[in-house]
Trainee: 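Have a look at this one before I ask anything.
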Amino acid sequence: MQQLDTSRIPEHIAIIMDGNGRWAKAQGLPRTAGHVKGVETVKTITEECTRLGVKFLTLYTFSTENWNRPAEEVSALMGLFLSNLEEEIFQKNNVRFRAIGDRYRLPQEVLKKLEQVERNTAGNDKMTMVVALSYSARWEIANACRQIYVDMQAACNSGKTEDDIDERMVASYLQTSFMPDPELLIRTGGEQRISNYLLWQIAYSELYFCDTYWPDFGVEELHTAIADYQSRERRFGKTSEQVNQQ
């Protein structure tokens, strides 16, 4: 197990949970079995992130592009999400639950359960676990632009102009406006791309890719990813000398 610097644990970790289907295929099992096993990994990683002191954990659960998968797999995924959205893991670990994405494309029973868990865990403050569900970054940014346009039109007599549209304003219209940008983005499963996930928010995130399929991604792999993050120098456009002088 990697030795971690407990003073440099990322405040926000985002994860692309990839490899459920390929894990199942390697085991000679249906794809849905991989998703079921992946849910157990979510619980393990949520508990460990809480223990380490991570404040926000954002999981790419279902993209807008995933609606194009076979109907039976989409139905199984929605059913799995519904049956495993248990409040116990959140209440036991004092974790708040939030969701980002185009939630109104979700089945009504899933939406009702999602909103119920959000309400019932709103007072928890150890960590916030965020699921990106029916989410894509391009959809999020386009939606923010639409809302800014509508609000600017409504405020046309307030003296505001296009010059008032800056990075801070755009960020305030994003689905993630309630939390800081992730310092660390992890993708499992061997692919090395972002797949339309948090494109605005990861401008300065450290990226970590590993070959481990999500169902096999455990505490040791999480520690390895965080240790790799801690080995890097985060400069944000500055020189090493400037960073060291701070």
Side-chain angles (χ1 to χ4, degrees), residues 1-20 22-23 26-27 34 37-61 84 86 88-98 121 124-132 176 178-195 197-198 201-246:
M1 189 81 69
Q2 292 278 351
Q3 193 69 28
L4 299 179
D5 179 351
T6 56
S7 69
R8 294 186 59 219
I9 299 297
E11 182 181 16
H12 182 182
I13 297 176
I15 304 179
I16 300 174
M17 307 178 294
D18 196 17
N20 288 344
R22 284 172 289 157
W23 178 90
Q27 309 295 319
K37 185 67 166 60
V39 169
E40 295 303 314
T41 301
V42 168
K43 295 176 181 177
T44 298
I45 297 304
T46 298
E47 291 182 344
E48 182 61 12
C49 283
T50 305
R51 190 190 70 81
L52 289 171
V54 176
K55 294 303 181 185
F56 295 90
L57 174 66
T58 304
L59 304 174
Y60 204 6
T61 306
N84 284 280
E86 304 164 355
E88 179 185 357
I89 186 174
F90 302 111
Q91 302 297 9
K92 182 175 72 172
N93 295 286
N94 194 17
V95 170
R96 185 182 187 186
F97 174 81
R98 293 288 299 266
T121 64
N124 295 348
D125 58 8
K126 181 83 171 180
M127 185 180 79
T128 299
M129 196 263 267
V130 183
V131 296
T176 56
F178 62 91
M179 61 181 173
D181 293 340
E183 290 96 342
L184 173 62
L185 170 68
I186 299 170
R187 179 168 187 153
T188 64
E191 304 291 354
Q192 298 189 21
R193 56 177 177 269
I194 303 305
S195 296
Y197 184 46
L198 301 177
Q201 297 86 344
I202 63 169
Y204 283 101
S205 300
E206 299 296 329
L207 308 182
Y208 179 85
F209 302 101
C210 68
D211 292 331
T212 306
Y213 294 144
W214 178 247
D216 288 331
F217 188 86
V219 170
E220 185 170 354
E221 287 79 7
L222 175 66
H223 282 221
T224 299
I226 295 174
D228 184 80
Y229 160 83
Q230 292 182 345
S231 72
R232 305 183 191 183
E233 184 179 70
R234 290 170 57 73
R235 296 192 297 272
F236 300 99
K238 300 177 182 178
T239 66
S240 297
E241 289 75 15
Q242 288 175 309
V243 172
N244 293 331
Q245 288 171 5
Q246 291 180 345

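Numbers for residues simply follow the sequence, beginning at 1.
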Trainee: Using side chain to side chain contact (heavy atoms under 4.5 Å, CB included), reason through M17 and T61 one step at a time and then give a plain yes or no.
Mentor: CA-CA 7 Å; M17 307 178 294; T61 306; 3.9 Å; yes
Trainee: Would you give the length of the straight line joining atom CG of L207 to atom CD1 of I194, rounded to the nearest 0.5 angstrom?
Mentor: 5.0 Å
Trainee: Can you tell me if T41 uses its side chain to pair, donor with acceptor, with the backbone of P215 under 3.5 Å?
Mentor: yes
Trainee: For the residue pair P182 and I13, establish whether any side-chain heavy-atom pair is separated by less than 4.5 Å.
Mentor: no
Trainee: Please test F217 against I45 for side chain to side chain contact (heavy atoms under 4.5 Å, CB included), starting from the C-alpha separation and ending with a verdict.
Mentor: CA-CA 8 Å; F217 188 86; I45 297 304; 3.8 Å; yes
Trainee: For residues N20 and K37, determine if any side-chain heavy atom of one lies less than 4.5 Å from a side-chain heavy atom of the other.
Mentor: no
Trainee: Within the structure provided, determine whether L4 and L52 are in side-chain contact (heavy-atom separation under 4.5 Å).
Mentor: yes
Trainee: So, the side chain of T121 versus the backbone of F97: is there a donor-acceptor pair under 3.5 Å, distance only?
Mentor: yes
Trainee: Do you know which two heavy atoms are closest between K126 and N93, and how far apart they sit?
Mentor: CB-O, 3.5 Å
Trainee: Would you compute the distance between atom CZ of F56 and atom OG1 of T176 and round it to the nearest 0.5 angstrom?
Mentor: 10.5 Å
Trainee: Quick one: pull up CG in L184 and CD in E11 and give me the separation to the nearest 0.5 Å.
Mentor: 13.0 Å
Trainee: Could you check whether any side-chain heavy atom of V42 comes within less than 4.5 Å of a side-chain heavy atom of N84, counting everything from C-beta outward?
Mentor: no
Trainee: How long is the span from the OH atom in Y208 to the CD atom in E221, to the nearest 0.5 Å?
Mentor: 8.0 Å
Trainee: Tell me if a side-chain donor or acceptor on Q192 pairs with a main-chain N or O of F209 at a distance below 3.5 Å.
Mentor: no
Trainee: If I compare all heavy atoms of T6 with all of I9, which pair ends up nearest, and what's the gap?
Mentor: O-CG1, 3.6 Å
Trainee: Would you check if N124 and Q91 make a side-chain contact, meaning some heavy-atom pair closer than 4.5 Å?
Mentor: yes
Trainee: Among T58, I89, V95, find the one that has a side-chain contact (heavy atoms from CB on, under 4.5 Å) with M129.
Mentor: V95
Trainee: Mind checking salt bridge (Lys or Arg N to Asp or Glu O under 4.0 Å) for R193 and listing every partner two or more places apart, or none if nothing turns up?
Mentor: E191
Trainee: Please step through side chain to side chain contact (heavy atoms under 4.5 Å, CB included) for the pair I15 and R187, ending with a clear verdict.
Mentor: CA-CA 6 Å; I15 304 179; R187 179 168 187 153; over 6 Å; no
Trainee: If I compare all heavy atoms of G34 with all of W23, which pair ends up nearest, and what's the gap?
Mentor: CA-CE3, 3.7 Å
Trainee: Parallel, tilted or perpendicular, judged at 30° and 60°: which one describes the rings of Y197 and Y60?
Mentor: parallel
Trainee: Got a sec, which pairs hit salt bridge (Lys or Arg N to Asp or Glu O under 4.0 Å) with one end in residues 43-58, sequence neighbours left out?
Mentor: E40-K43, K43-E86, E47-K92, E48-R51
Trainee: Using a 4.5 Å cut-off on heavy atoms from C-beta on, say whether the side chain of I202 contacts that of D181.
Mentor: no
Trainee: Is it the case that R98 places NZ or CZ above or below the six-membered ring of F178, under 6.0 angstrom from the centre and within 45 degrees of the axis?
Mentor: yes
Trainee: Go through the steps for D125 and R96 under the test side chain to side chain contact (heavy atoms under 4.5 Å, CB included), then give the verdict.
Mentor: CA-CA 6 Å; D125 58 8; R96 185 182 187 186; over 6 Å; no
Trainee: Quick one: CG on L57 to OG1 on T46, what's the gap to the nearest 0.5 Å?
Mentor: 5.0 Å
Trainee: Mind checking the CZ-CD spacing from R232 to E183? Nearest 0.5 Å is all I need.
Mentor: 13.0 Å
Trainee: Is the closest side-chain heavy-atom distance between L198 and L185 below 4.5 Å?
Mentor: no
Trainee: Please check if any side-chain donor atom of W214 sits under 3.5 Å from a side-chain acceptor atom of D18, or the reverse.
Mentor: no
